[in-house]
Each structure stands twice: as structure tokens, then as C-alpha cells.
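Numbers here simply count residues along the sequence, with the first being 1. Keep in mind it's a predicted model, so treat the numbers as computed, not measured.
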Amino acid sequence: LAQTLVDPTIDFVWSGVGLLHTIIGERSENISVIWSGYLEAPVTGTYAIFGLTDDGMQIRIGDTNVVDAFYYQGPTEHAGTIDLVAGQRYPIRIRYFQGGGLTEAHV
């Protein structure tokens with residue numbers, strides 16, 4: 001563990017010695033990040049969850065892998081759906097890794 005931060009949103013494009021260099025003192029390549037928290041649905045229904053990354057991403061809500069694209073890739077959007085109940089809090093865990101080149105993560 002190099003650092004613990006609170007990110008209000010996951011909407012990042014890092015390059016070379018950008019923000020991650022300031023945070024972890026290294027280039028923003030060959031790194032991984034785990035975001036965790038809780039998700040509460042405002043209404044009961046089926047929700048679409050989108051992630052766009054370069055390289056891999058996995059989005060897990062409760063016991064369900066909603067997006068599972070944990071492999072090397074260029075900037076690619078992946079999506080999945082999940083049924084949620086209004087007012088219920090669900091644990092959410094987003095794993096991301098970057099192998100080299102462009103460093104990008106959006107959810």
C-alpha cells in the first residue's frame with residue numbers, strides 16, 4: 001500500500017509523471033488502484049454501470065461482478081447491469097491496473 005486517498009469521483013487521465021507521480025513518487029505505469037465504498041440506489045430497478053479504462057478494470061457490487069475486464073487493453077468501455085433495491089446500501093469495489101502507456105480510469 002503506497003497511499004490512501006478519498007476520491008469523490010473516478011474520472012482520471014494520468015500521463016507520464018502526472019498526478020500519480022506526486023502521490024506515489026513513481027511513474028503512473030505498472031500500478032494498481034482499489035476504490036471501495038458503498039452504493040445506495042435512489043429507486044428500485046435495474047442499473048447500468050459503465051467503466052472506461054486503459055488497462056484493466058473490475059467493478060464488484062455486493063457479490064456480483066458487474067464489469068470484469070481485468071486484462072491489458074487500450075482505452076475501452078465496458079458495461080454491465082445489476083438490480084438494486086431503493087435505500088439499500090451495497091458494498092462496491094473497483095479494481096484497476098495500468099501496465100504502460102496511457103493511464104485512464106472512468107466509472
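Distance check: Ile34 CD1 to Arg93 CZ gives 4.0 Å after rounding to the nearest 0.5 Å. Atom CD of residue Gln58 and atom CD1 of residue Ile94 lie 10.5 Å apart, to the nearest 0.5 angstrom.
When each of Asp68, Ile10, Val67, Thr64 is tested with Ile59 by the rule side chain to side chain contact (heavy atoms under 4.5 Å, CB included), just one qualifies, namely Val67.
Not one N or O on the side chain of Tyr90 forms a donor-acceptor pair closer than 3.5 Å with the backbone of Asp63. Side chain of Tyr71 to main chain of Met57: no donor-acceptor pair is present (N/O by atom type, distance under 3.5 Å, no hydrogens or angles).
Sorted by first and then second residue, the pairs that involve residues 31-70 and meet ring pair (Phe, Tyr, Trp, His ring centres under 6.0 Å), not counting sequence neighbours, are Phe70-Phe97.
In this structure the side chain of Thr53 reaches within 4.5 angstrom of the side chain of Gln73, judged on heavy atoms. Inter-residue side-chain proximity for Leu84 and Leu39 is flagged as met; some heavy-atom pair is nearer than 4.5 Å.
Contact detail for Gly74 and Thr76: the closest heavy-atom pair is O-OG1, 2.8 Å. Residues Gly87 and Glu40 share a closest heavy-atom pair of CA-OE2, 3.7 Å. Of all heavy-atom pairs between Pro42 and Ala86, the closest is O-CB, 3.8 Å.
When the side chains of ILVMFWY residues are joined at heavy-atom separations under 4.5 Å, either directly or via intervening members, Val66 and Val85 end up in a single hydrophobic cluster.
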His106 vs Val13, test: side chain to side chain contact (heavy atoms under 4.5 Å, CB included). Steps then yes/no.
CA-CA 8 Å; His106 311 275; Val13 176; 3.8 Å; yes
